[in-house]
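Here is the structure we will look at.
In what follows, every chain begins at residue 1, and chains take the letters A, B, ... in the order their sequences are listed.
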There are 2 protein chains.
Amino acid sequence: MRPKLNDVAREAGVSSTTVSRVINNHGYLSEKTKDKVFEAMKKLNYQPNSIARSLHGKQTNLIGVLFSSVSNPFFGELVEKIENKFFKLGYKTILCNSADNKEKERVYLNMLIANQVDGIIAGAHNLGIKEYEKAGLPIISFDRYLSDTIPIVSSDNYQGAVLATQELYQNGAKSIYLFASSQTPNSPTDKRRTGYLETMAHLNLPAHEKVISSSMASNVKALLIKQILTTESIDGIFCTDDLTALIVLRQAKELGLRVPQDLKVIGYDGTQLIQNYHPELTTVAQPINDMAELLVELLLQRIENKKSDLKHHYILPVKLIRNPSSSQFC
Amino acid sequence: MRPKLNDVAREAGVSSTTVSRVINNHGYLSEKTKDKVFEAMKKLNYQPNSIARSLHGKQTNLIGVLFSSVSNPFFGELVEKIENKFFKLGYKTILCNSADNKEKERVYLNMLIANQVDGIIAGAHNLGIKEYEKAGLPIISFDRYLSDTIPIVSSDNYQGAVLATQELYQNGAKSIYLFASSQTPNSPTDKRRTGYLETMAHLNLPAHEKVISSSMASNVKALLIKQILTTESIDGIFCTDDLTALIVLRQAKELGLRVPQDLKVIGYDGTQLIQNYHPELTTVAQPINDMAELLVELLLQRIENKKSDLKHHYILPVKLIRNPSSSQFC
DNA sequence: TATTTTATGACGCACGATTGACATATTATA
DNA sequence: TATAATATGTCAATCGTGCGTCATAAAATA
């Protein structure tokens, strides 16, 4: 049996009240008793039961972090940053991978409520608004509209798409395609789409969109992309995520297309993984660290002061990362 | 205020005892009252407070999952699988990224104890054995020895190294190097090292080891690797992780070395990410899903039956994944 | 009709820690 | 010395649920 507060009291030869006071640094305490208590705690290897504390007080210091999948490097890196920052502030992170499954997301949400988490970072969005609202918890959303009262943190998807499209154009591409990973309105990809479309219109170039669904297996993606590359006349592609861009590069290579001479490719996300292991890929980097920082900060503000009025949408700037070796693509 | 059991009772017009009975399906209950109660629960959007339940009962249904970093794709994929499997069984996962920081790992461990987790999957190992032992909790270790009482799950690191080395040899490599990501005894990398060394000895070939520390920044790694490739005469490299292998491939390309004619490279881990986006890399794939499955299953056995005698070491088979396009490397 | 089974309520303790109200010492200060 | 500040103890309530014990009543069965 794990030692309890009373055991520590007995060991230290003081009352349980005193032990509690020492732990919470509450009221008058002499150095002597403090030392005695700490020593007893150490000797018994005592850890206050935070379940019991949570039941009494209000906070559990638990945060629910809900994303579709940490095996996607972008989310993996984001979640890691979030987890780190919360940890430094004394919060623990319950990880939830919804796998883009509505039912799973609902069950997770209820579980988080049942576990009295202090707040939620929502990065998986298949549920309706109501479900999140009825949670009655501080929530910050990553990159998607949930409701008018739930703040959103995202990078500047629109501007990122503009940058990407312009970059392709300025490097000589004329037949520029968009390879989008989804078609959901309200999704970040959709704003990237808008940015692309408007830039193309501005440049008086015809837009071409292809959906490379993120739910497809990568070999299916590869096949589809290969087919598109052979059928259509393309000299520039803006992929709404880096992993798709990698497939494009590979298929282009297999088809004997020279990059960047014949085909220019630009990705999106700019994870550390891509920057480290695929520096050849020009990409629009989201400020993963800054976004994590802001998500955490805003959620804490909401937790500490429910009515603190936050802006509804926080948009952080993106950064174009060019292939370092010359100004070329790939 | 979140509704409590009493509120549901009032709403349903029954006693709180009855509500508790309905929730826990305990004792005699008529369909009528059950329905009334469920309806009231739905109406009030009631979720039993699992904090309170945990305090009363024994289990919290929380599992601590302690790894160094989920932003590493291998751990990301493993953690995701683990989380999924636990979720299906009604357990929640507290994610801890120790970042290979001893102090952080210790704080995390204490935090998990304080939170009364039912058990721990330990995949970050910088602490001494004692700290884990004094936790007095069911623990299963991933890939490293912690103590005689803590079971280990790992893939067959030795055999994987043998396979890798033999593969290089059978494809004509004679001057085969080991690029190891660390030098820690007891670590999985060390068993891969042993496998390499013994195979080389068996083949009557001289062994060459280089440490490419995982703590190095990737551009530093790249520089170091480039330097090794230019200085030494190498025609085969066994990297103890895939990401390092990717750097090797890139540097080889930059140096004009033809792969696989001039240099054969083989990696280790075989994540879905690598298989999907770098099918050209021959690698030794660890059975990520099976390992996750086993870790979860063993921990649950320990939780349900403390004294259940498990084997001390479970070694799962690895699989060589060759570049599908012909039998070539890269 | 007598007895068992089924269905519900009322009550209270337990889980482990926090906290406030009071009481009582021991020091320190006026 | 009288008063205040400091230091500790006792006691009890509280957080939300689970569950055992009793009691009671209706329905089902003997």
Spacing between B:Q59 atom CD and D:dG18 atom C1', to the nearest angstrom: 15 Å
Electrostatic pair B:R106-B:E103, nearest N-O below 4.0 angstrom: yes
Could you check how far CG of B:N6 sits from P of D:dC15, rounded to whole Å? 11 Å
Under 4.0 Å, heavy atoms only, any strand: does A:V19 hit a base, just the sugar-phosphate, or nothing? nothing
So B:S30, base contact, sugar-phosphate only, or nothing? Heavy-atom distance under 4.0 Å. sugar-phosphate
Categorize A:N24 for me: base, sugar-phosphate, or nothing, with a 4.0 angstrom heavy-atom threshold over every strand shown. sugar-phosphate
May I ask you to say what B:T33 touches in the nucleic acid, namely base, sugar-phosphate or nothing, with a heavy-atom cut-off under 4.0 Å? sugar-phosphate
A:N157 and A:D190 side chains, donor-acceptor separation under 3.5 Å: no
I need the CD1-P distance between A:I51 and D:dT17, as an integer number of Å. 14 Å
Are the charged groups of A:K42 and A:E39 less than 4.0 angstrom apart, N to O? no
May I have the distance from B:N61 (atom CG) to D:dG18 (atom P), rounded to whole angstrom? 13 Å
Residue whose closest nucleotide on DNA chain D lies nearer the 5' end, A:Y28 versus A:S16: A:Y28
Just checking, is any N or O donor in the side chain of B:S69 or B:N97 under 3.5 Å from an acceptor N or O on the other one? no
First and last nt of DNA chain C near chain B, cut-off under 4.0 Å to heavy atoms, 5' to 3', are C:dT6 to C:dG16
For D:dG20, take OP1 and OP2 only and decide whether either is under 4.0 Å from a side-chain N or O of B:H26. yes
Grab the NE2-C1' distance between A:H56 and D:dC15 for me, whole Å please. 6 Å
Ranking A:Y46 and A:R21 by the position along DNA chain C of their nearest nucleotide, the one closer to 5' is A:Y46
For atom CD of B:Q116 and atom P of D:dT17, their distance in whole Å: 19 Å
Pair B:N61, B:K92: side-chain N/O donor-acceptor within cut-off below 3.5 Å: no
Pair B:E80, A:S71: side-chain N/O donor-acceptor within cut-off below 3.5 Å: yes
Between the CG atom in B:D290 and the CG atom in B:L316, the distance rounded to the nearest 0.5 Å is 6.0 Å
Dot-bracket for DNA chain D, 5' to 3', Watson-Crick and G-U pairs with both distances under 3.5 Å, [ ] for crossing pairs, | for partner on another strand, reads ||||||||||||||||||||||||||||||
Non-hydrogen atoms of B:I23 and B:M41 that approach each other most closely: CG1-SD, 4.2 Å
Could you tell me how far apart B:E31 (CD) and D:dA27 (P) are, to the nearest whole angstrom? 17 Å
State whether B:D7 and B:R10 are salt-bridged, where the test is any N-O pair (Lys NZ or Arg NE/NH1/NH2 against Asp/Glu carboxylate O) under 4.0 Å. yes
Classify B:T17 by what it touches in the nucleic acid, base, sugar-phosphate, or nothing, heavy-atom distance under 4.0 Å. base
Rounded to whole Å, the CG-P distance (A:D35 to D:dT8) equals 11 Å
Give a yes or no on whether the backbone of B:V153 and the side-chain of B:H313 come within a donor-acceptor separation of less than 3.5 Å. no
